[in-house]
Trainee: 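Encoded as C-alpha cells, here's the structure I'll be asking about.
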Amino acid sequence: MRKWSIFLLRKGGWNELKKSWIENTLHQAKKSGASYADIRFEHSKQESMFVKNEKLEAMESSTDQGFGIRVLIEGMWGFSSSNQLEENSVMHTLEEACAIARASSKIAGPSIELAKLAPVKAEIKDQALENPFAVNANEKIELLKTASSNMKIHEEIAVRTANYRARKLSKLFASTEGSWIEQERTESGAGISATAVGNQDVQVRSYPNSFGGDYSTFGYEFVRKMNLQSHAKRIAEEARALLYADPCPQEHLDLIIDGQQLALQVHESIGHPAELDRVLGYEASFAGTSYMTPDKLGHFRIGSEMVNITADATIPGSLGGFGYDDEGVPAQCVYLIKNGIFVGYLNSRESAHHFNQEPMGAMRADGWSKIPIIRMTSINLLPGNSTLDELISGVEHGLFVSGIKSWSIDDKRLNFQFSPEIGWMIKNGKLDKMIKNPSYTGMSPQFWSSCDGIANKDHWHVWGVPNCGKGQPMQIMRVSHGTSPARFRKVKVGVVQS
Amino acid sequence: MKKDSCEQLYNSILSKVNADSCECTIRQDTENLTRFANSSIHQSVRSDKTSIHLRLIKGQKSGYSSTNDLSENGLEQLLQSAMLVLENNESDEELYPLPKASEYDTIPFPYMDLDPAFDDPEQRANIVNSYCIGAQKQGVQAFGTVSSVHRSIFIANTNGVKAYHSSTLAETQCQMMKDTASGFAQSSSPFIKQLETERVLEESLWACLNSMNIQPVEAKPYEVILKPEAVEDILKMLKYMGFSTSAIHENRSFLSGKVDELVFDPDLSITDNAWDARQIPLPFDFEGAPKKTVPLVVDGVFRNLVTDAKWARKLKLENTGHGLPAPNPWGPVPMHLVLEGKKQRSQEEMISDCAEGLLITRFWYANPAHPKKAIATGLTRDGTFLIKNGKIQHAVNNLRYTDSLVKVLSNVLSCGNIMRLHDMTVTPALHCKNMNFTGQASS
C-alpha cells in the first residue's frame, strides 16, 4: 500500500493534496449517515534547544503529521484520527468515527445541533518575518549560552537555564458544508531562569516569563527583541537576593500585580470560567464547571467599571490568534467583561446553538489526533490610563508582585491562591524592601471588583502561554493574554508561610 | 505494532545510519476515550499514533530527532534531521555510551486485554449507560470518562539492546452531581471487563447523596482521613517536588542531604516498583535498561535515589532503569510509586477511630508553593465530610489546604487495607493527625 507524506503532498499547496480524495471521504461520510463531517490534516515541524549551566543539554527536531475526522450521526459526535497516511486508512478512520458516533447515540441524550455557518474558502499565510528554522543553529546556541553565562554571578545561582522553541504548522480543514481552509503559522519563543540555592532556601527568577518564557506567532525577530542576555544578570541578582529577603507579611493590603502574573490571573479566573463547555457540564468531572452561569449573563458584576476583558483572536502575532478555528469559524474579537459586567462566552457551534448565540470561533484541537474543544484565544485585560508609577504612588501600604511561581483555583474558578516569584513592599507611594514567597488569595468577582487602576497601553503586552491544559484526553493549547500591571485594594496576602 | 515489524523498521533505518552508535525508539499508542456529562455521552474519540525517535552518536556529539511520518521520504528526513542536529551540537565531554544489552525479565503475568470489547465504543457506551441508569434512579446526574489505551514500545540500539513491551490499560472515572452536591470514584485495570464499575457507581453515588446538605466549617488544621485518590494526589505532588534525582543532587528538593534520615512517619514506606502486580508493569526504561525495584523510603527513612544511564555514571551508582525519553535534561524520576503502611485499618475503622476530623475524597488543582519545604496548596473536591465521635456528621464546603505534605505524612495514625491504582501510583487511604486548611472554596 502506498504511504503518503503530507510533506510531499503539500508541495505546491494543499490543493495538490488529492482534493478528490478528501471530497470522496466527506461524500462517504454523508452516505454513512453523517449530517455533518469535517476532516483536518496537520503537519508541523519543531525544534528546541535547552541550555543548563552554560551547557547545551538538549537539542531536538521533530516532525508530526496526521489527520482527524469528525462526524455527526444521529445527533452524536464521533471522532477518529490516524497518522497512517495510506489511501485506505482515511476510509478506515472514517468508519471508526462513524461507529463511535453510532455507539454513543444508543445512550439517550439531547441531539447535537450546530449554529449556522457560511462555508469558507480561505488561505491564511504565515506572519513570521524571520524564519527561525533558517537562523544558524550556532547563533541560537550562543544566545542561550551567553544568557546562561550572564546569570553566573555567584555560586548560589546553582541552576541557570535558557531555552528556545519554534514550530511551523500547516493545516487544512474541509467540511461537508463546503469549507476549505488552509492555514500556516510559525510560533517562536524563549526564556531564561535563575535558581538560587542557599540560606536553606530555593528561589527562582525568570525572564521574560516563568515556565519557559514568552511565545508568539512572530518569527525569530520575536526572540531577538527579548534581549535575553541583558536581563540575565538582573534576574540572577534578584533570585539570590530573595534567599535573604523578608517573608511576605500576613495581612490585607493594596496589591499591584505585574503583567505576567496578571495574565495568569486573567487566564484562571476569567478565561477558563468563560468557556461555554464548562458551563454545559462537559468538563465537570475533570476541569470543573464555572461561576459564570447563563443566568448571570448581561448583568452580573465581575469587576469594577474599569475592567474590560476581550477574547480577541485577531491580534497580530498573538499565540492565541489565528485566521479560522478548527470548525472553520473566522477569528473574532468579542467582549467577555464590559465595564465590569459579564457579557460574553467562548463558544463552539454546538454550544452557540444550545444557547442561541453566534459562534465566536474558539474551537481548537491540540493537533490532528484530538477533537476540537472550546479553548481560550487571546483573553485580554484592556489597558487603563495610568502609568505604573501612578499606580504605585496611589498606595500607602501595599505590595507589588511579579513573575509566576505557583497557582491553584477551585473547580468553579472562584477561590484562587497565587504565589508570584518576587514582591516588593510599597510604602508611602514608593517601592520599598524586597519580599520572598509572596502569595495572595481571594474570590474571583470580589477580587476583580477591587481593581481601581490599570496601567496604560505603554505597559501592555500580549503574553504567549504555550501550556494551557484542558480536556480528556489532555489537550495542551497555545493561548495568550494581553495585560498591563493593575492595582487591587485590600487583598489577603501572605497565605503561604515557610 | 508487533515486535517483528518494529525490528524490520529499525533495521531499515540502521542500514542508512552513518554514526558511531544509534538508538531507535518506536512507539505506538491507540487511545479510545468516551466522556459523558449530564447523563449522556458528549464526546467519544479514538486516536492511533506511531512515532519513531532516533538518537545518533558520533565521537562526542549526539543528535536527536523524531517523526511520525513513516513514509520512505519521512524516514529519510528523520535521518537527515538527526544528523543535522548532531553536526550542530557541541562536543560533550560527559557524553555517556548507550546502555548495553541486558537481560530484562518478561512480565510474569499477562497485561494485555485481547478481548475485542477493549476497543469497542459500544462497550464503553454500555459502562456509561450503567452509570446513567444508577444516577437516574437516585435523581442525580452522571459525569466522567471510560477509556482504553493500548501502548507498544520498542527500543533498540547498536550496543545490542532490543527491548519490546506491549500493554493495555482501561480506566473509568465517575462523578455524580446534583446542585452543589458531588461524589467521585475511579477504577483502573489492564482489562476493560475488570473495571470495578459497580464499586465506582456505589461510591460516587454515596458521596453525592450524602453531600446534599452542606454545612460550612472553619478553615483550620484538622485530623484527616484521606481516601486513596486523595493520597495519590499528595504522593504525585511529592514526586514532582522532591523525588527527582537532579533536584535532590542540586539541593532543590526537600530530600536533599537527607539520605538515611527519618523524613516521613516510621509506618510508611514508598517504593518505585514497576513489577508490582498492582501496577501497570513496564520491564525497562526509555533507554532499554531493565527496571529495578527501588525502595525510596523504608519505614519513614529516605534510603535510595533512582538513576538512568547518565546519572548512574555521574553518581557512581547502579543504573536502576529510570531513564525518560531522550533528550532528557531533567534526569531520572520514579514512575511506578507504591505507598504502603503497617498499621492497617479499614475506612470504617479509621472513621470510628476519629474523634473530630475530615473525610476527604480527593484533591484538586494542587501546586507546589515552596518545593524545598514540600509546601503545596490545593482544594478538596467531590465529597468532604465532617467526622465527630467516630461518625460522619455531614458534608462540608470544599476547603483549601496550604501545608507541608511531608509534615502531613509524618503523623500517620493508620493506613487503609485496600490499595488502589491510578496513574501508575498505588495508594491506600491514610488517617493523618494534622493537615492545615487555609481557606474556604466553592461547594
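This is a predicted model, so every value here is computed, not measured. Proteins come first, then strands; the chains are lettered A, B, ... in the order of their sequence lines, and each starts at number 1.
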Trainee: Under a 4.5 Å cut-off applied to non-hydrogen side-chain atoms, are Leu78(B) and Thr63(A) in contact?
Mentor: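 No. Closest side-chain heavy atoms not under 4.5 Å.
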
Trainee: Heavy-atom pairs under 4.5 Å with chain A: which of Glu94(B), Gln123(B), Gln173(B), Gln175(B) has the most?
Mentor: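 Going by pairs under 4.5 Å, I would pick Gln175(B).
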
Trainee: Taking side chain as everything from C-beta outward and backbone as N, CA, C, O, which of these in Ile373(A) sits under 4.5 Å from a heavy atom of chain B? Side chain, backbone, both or neither.
Mentor: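 The answer is the side chain of Ile373(A).
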
Trainee: Can you tell which part of Val495(A) gets under 4.5 Å to a heavy atom of chain B, answering side chain, backbone, both or neither?
Mentor: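 When you check distances to chain B, atoms from both the backbone and side chain of Val495(A) fall under 4.5 Å.
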
Trainee: Quick one: pull up CZ in Phe50(A) and CG in Asn328(B) and give me the separation to the nearest 0.5 Å.
Mentor: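 Output value for this atom pair is 10.0 Å.
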
Trainee: Give me the atom names and distance for the closest heavy-atom approach of Val85(B) to Met59(A).
Mentor: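 In this case the closest contact between Val85(B) and Met59(A) is O-CE, 3.2 Å.
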
Trainee: Return the option, out of Asn136(A), Asn138(A), Thr195(A), Leu56(A), with the maximum number of heavy-atom pairs under 4.5 Å with chain B.
Mentor: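 Looking at each option in turn, the highest pair count goes to Leu56(A).
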
Trainee: Could you check if a side-chain atom of Ser40(B) sits within less than 4.5 angstrom of a side-chain atom of Pro110(A), using non-hydrogen atoms only?
Mentor: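 Yes, at least one pair of side-chain atoms sits under 4.5 Å.
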
Trainee: So how far is it from Met49(A) CE to Asn88(B) CG, rounded to the nearest 0.5 Å?
Mentor: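 Between atom CE of Met49(A) and atom CG of Asn88(B) there are 7.0 Å.
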
Trainee: Is Pro327(B) close to Glu57(A) at the side-chain level, that is, under 4.5 Å between some pair of heavy atoms?
Mentor: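 When only atoms from C-beta onward are counted, Pro327(B) and Glu57(A) do not touch, as no gap falls below 4.5 Å.
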
Trainee: Can you tell me how far apart CE (Met176(B)) and OG (Ser285(A)) are? Round to the nearest 0.5 Å.
Mentor: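 Answer rounded to 0.5 Å: 11.0 Å.
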
Trainee: Only pairs of heavy atoms separated by less than 4.5 Å count here; which of Lys405(A), Met76(A), Lys55(A) has the most with chain B?
Mentor: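 Of the options given, most contacts go to Lys55(A).
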
Trainee: Top residue by heavy-atom pair count (under 4.5 Å) with chain A, among Val128(B), Asp92(B), Asp403(B)?
Mentor: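 That would be Asp92(B).
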
Trainee: Taking it one step at a time, do Trp368(A) and Asn68(B) satisfy side-chain contact (heavy atoms from CB on, under 4.5 Å)?
Mentor: CA-CA 12 Å; Trp368(A) 54 267; Asn68(B) 66 358; 3.4 Å; yes

Trainee: Any side-chain heavy-atom pair from Lys372(B) and Gln200(A) closer than 4.5 angstrom?
Mentor: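 Lys372(B) does not reach Gln200(A) side chain to side chain.
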
Trainee: Counting only non-hydrogen atoms closer than 4.5 Å, does Arg362(B) touch chain A with its backbone (N, CA, C, O), its side chain (CB onward), both, or neither?
Mentor: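 Side chain only.
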
Trainee: With chain A, which of Glu90(B), Arg381(B), Glu250(B) has the greatest number of heavy-atom pairs at distances under 4.5 Å?
Mentor: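 Most heavy-atom pairs within the cutoff with chain A belong to Arg381(B).
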
Trainee: Would you mind checking which part of Lys145(A) comes under 4.5 Å of any heavy atom in chain B, side chain (CB onward), backbone (N, CA, C, O), both or neither?
Mentor: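 Only the side chain of Lys145(A) comes within 4.5 Å of chain B.
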
Trainee: Is the side chain of Asn398(B) donor-acceptor paired with the backbone N or O of Asp410(A) at a distance under 3.5 Å, no angle test?
Mentor: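 No.
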
Trainee: Please look at Lys492(A) and chain B and tell me whether the side chain, the backbone, both or neither of the residue comes under 4.5 angstrom of a heavy atom of that chain.
Mentor: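 It is the side chain, since no backbone atom gets that close.
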
Trainee: Going by heavy atoms in the side chains, are Gln43(B) and Gln472(A) under 4.5 Å from each other?
Mentor: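 They are not in contact (no side-chain heavy atoms under 4.5 Å apart), so the answer is no.
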
Trainee: With respect to chain B, which residue among Ala284(A), Gly198(A), Ser82(A), Ala137(A) yields the maximal number of heavy-atom pairs within a distance under 4.5 Å?
Mentor: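 Looking at each option in turn, the highest pair count goes to Ala284(A).
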
Trainee: Give, as side chain, backbone, both or neither, the part of Ala326(B) having an atom under 4.5 angstrom from any heavy atom of chain A.
Mentor: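 It is the backbone, since no side chain atom gets that close.
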
Trainee: Under 3.5 Å, is there a donor-acceptor pair linking the side chains of Gln417(A) and Thr402(B)?
Mentor: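 Per modelled atom types, Gln417(A) and Thr402(B) side chains form a pair under 3.5 Å.
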
Trainee: Could you check whether the rings of Tyr282(A) and His42(B) sit parallel, tilted or perpendicular, using 30° and 60° as the cut-offs?
Mentor: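 The rings of Tyr282(A) and His42(B) lie parallel, inter-plane angle below 30°.
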
Trainee: What part of Ser256(B) gets closer than 4.5 Å to chain A, counting heavy atoms only: side chain, backbone, both or neither?
Mentor: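 Neither part.
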
Trainee: In terms of heavy-atom pairs under 4.5 Å with chain B, which of Ser104(A), Ser80(A), Ser61(A) leads?
Mentor: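 When all of Ser104(A), Ser80(A), Ser61(A) are compared, Ser61(A) has the most.
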
Trainee: Just so I understand: if I count every heavy-atom pair under 4.5 Å between each of Ala376(B), Pro329(B), Gly378(B), Ser404(B) and chain A, which residue has the most?
Mentor: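 Sorted descending by pairs with chain A, the first entry is Pro329(B).
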
Trainee: If you count heavy atoms of other groups shown closer than 6.0 angstrom to CD of Gln250(A), is the number above 12?
Mentor: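 Counting neighbours around CD of Gln250(A), more than 12 heavy atoms of other residues, nucleotides or ligands fall under 6.0 Å, so yes.
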
Trainee: Do other residues, nucleotides or ligands put more than 12 heavy atoms under 6.0 Å from Tyr240(B) OH?
Mentor: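 Counting other residues, nucleotides and ligands, OH of Tyr240(B) stays at 12 neighbours or fewer.
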
Trainee: Rounded to the nearest 0.5 Å, what separation is found between the CD1 atom of Ile375(B) and the OG atom of Ser406(A)?
Mentor: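 So the gap between those two atoms works out to 10.5 Å.
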
Trainee: Working to the nearest 0.5 Å, report the span between NZ of Lys106(A) and CD1 of Ile41(B).
Mentor: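 It comes to 11.0 Å.
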
Trainee: Does any pair with a residue in residues 31-40 of chain B pass salt bridge (Lys or Arg N to Asp or Glu O under 4.0 Å), and if so which ones, sequence neighbours excluded?
Mentor: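 For residues 31-40 of chain B, and leaving out neighbouring residues, the salt bridge (Lys or Arg N to Asp or Glu O under 4.0 Å) pairs sorted by first residue read Glu283(A)-Arg35(B), Glu31(B)-Arg151(B).
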
Trainee: Using a 4.5 angstrom heavy-atom cutoff, name the option from Lys52(A), Glu47(A), Gln46(A) with the most pairs to chain B.
Mentor: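 Max contact count across the listed options: Lys52(A).
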
Trainee: Below 4.5 Å, heavy-atom pairs only: which of Ala287(A), Ala101(A), Ser419(A) has the largest tally toward chain B?
Mentor: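 Looking at each option in turn, the highest pair count goes to Ala287(A).
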
Trainee: Quick check: do Tyr365(B) and Trp407(A) have side-chain heavy atoms less than 4.5 Å from each other?
Mentor: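 Tyr365(B) vs Trp407(A): side chains touch.
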
Trainee: Looking only at heavy atoms, what is the nearest atom pair of Arg413(A) and Trp364(B), with distance?
Mentor: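 Smallest interatomic distance, heavy atoms only, reads NH2-CZ2, 4.1 Å.
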
Trainee: Enumerate by number any residue of residues 44-52 of chain B whose heavy atoms lie under 4.5 Å from heavy atoms of chain A; in the absence of such residues, state 'none'.
Mentor: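 Listed by number: Ser44(B), Val45(B), Arg46(B), Ser47(B), Asp48(B), Lys49(B), Thr50(B).
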
Trainee: Given heavy-atom pairs under 4.5 angstrom as the criterion, report whether the side chain, backbone, both or neither of Ile409(A) touches chain B.
Mentor: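 Both parts, heavy atoms under 4.5 Å.
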
Trainee: Just one of Thr34(B), Asn129(B), Ile133(B) clears the side chain to side chain contact (heavy atoms under 4.5 Å, CB included) bar with Ile107(A), so which one?
Mentor: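 Answer to the side chain to side chain contact (heavy atoms under 4.5 Å, CB included) test with Ile107(A) among Thr34(B), Asn129(B), Ile133(B): Asn129(B).
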
Trainee: Please state whether the side chain, the backbone, both or neither of Asp64(A) comes within less than 4.5 Å of a heavy atom of chain B.
Mentor: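 It is both, since atoms from each part get that close.
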
Trainee: Around atom CD of Glu93(B), are there more than 12 heavy atoms from other residues, nucleotides or ligands closer than 6.0 Å?
Mentor: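 No, the 6.0 Å shell around CD holds no more than 12 heavy atoms from other groups.
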
Trainee: Checking Ser105(A) against chain B: side chain, backbone, both or neither under 4.5 Å from a heavy atom?
Mentor: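 No part of it gets close to chain B.
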
Trainee: Please round to the nearest 0.5 Å and tell me the distance separating atom CD1 of Ile141(A) and atom CG of Asn89(B).
Mentor: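 Result: 6.5 Å between the selected atoms.
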
Trainee: Is there side-chain contact between Arg252(B) and Val197(A), with heavy atoms separated by less than 4.5 Å?
Mentor: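 The answer is yes, as the side chains (C-beta and beyond) meet within the 4.5 Å cut-off.
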
Trainee: For a 4.5 angstrom cut-off between non-hydrogen side-chain atoms, does Thr67(B) reach Gln65(A)?
Mentor: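 Counting from C-beta outward, Thr67(B) and Gln65(A) never come under 4.5 Å.
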
Trainee: Determine whether the side chains of Thr377(B) and Ser408(A) contain a donor N or O and an acceptor N or O closer than 3.5 Å.
Mentor: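 Their side chains do not contain a donor-acceptor pair, so the 3.5 Å distance test is not met.
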
Trainee: Is Asp201(A) paired with Lys373(B) through a side-chain N to carboxylate O contact shorter than 4.0 Å?
Mentor: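 No, this pair does not count.
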
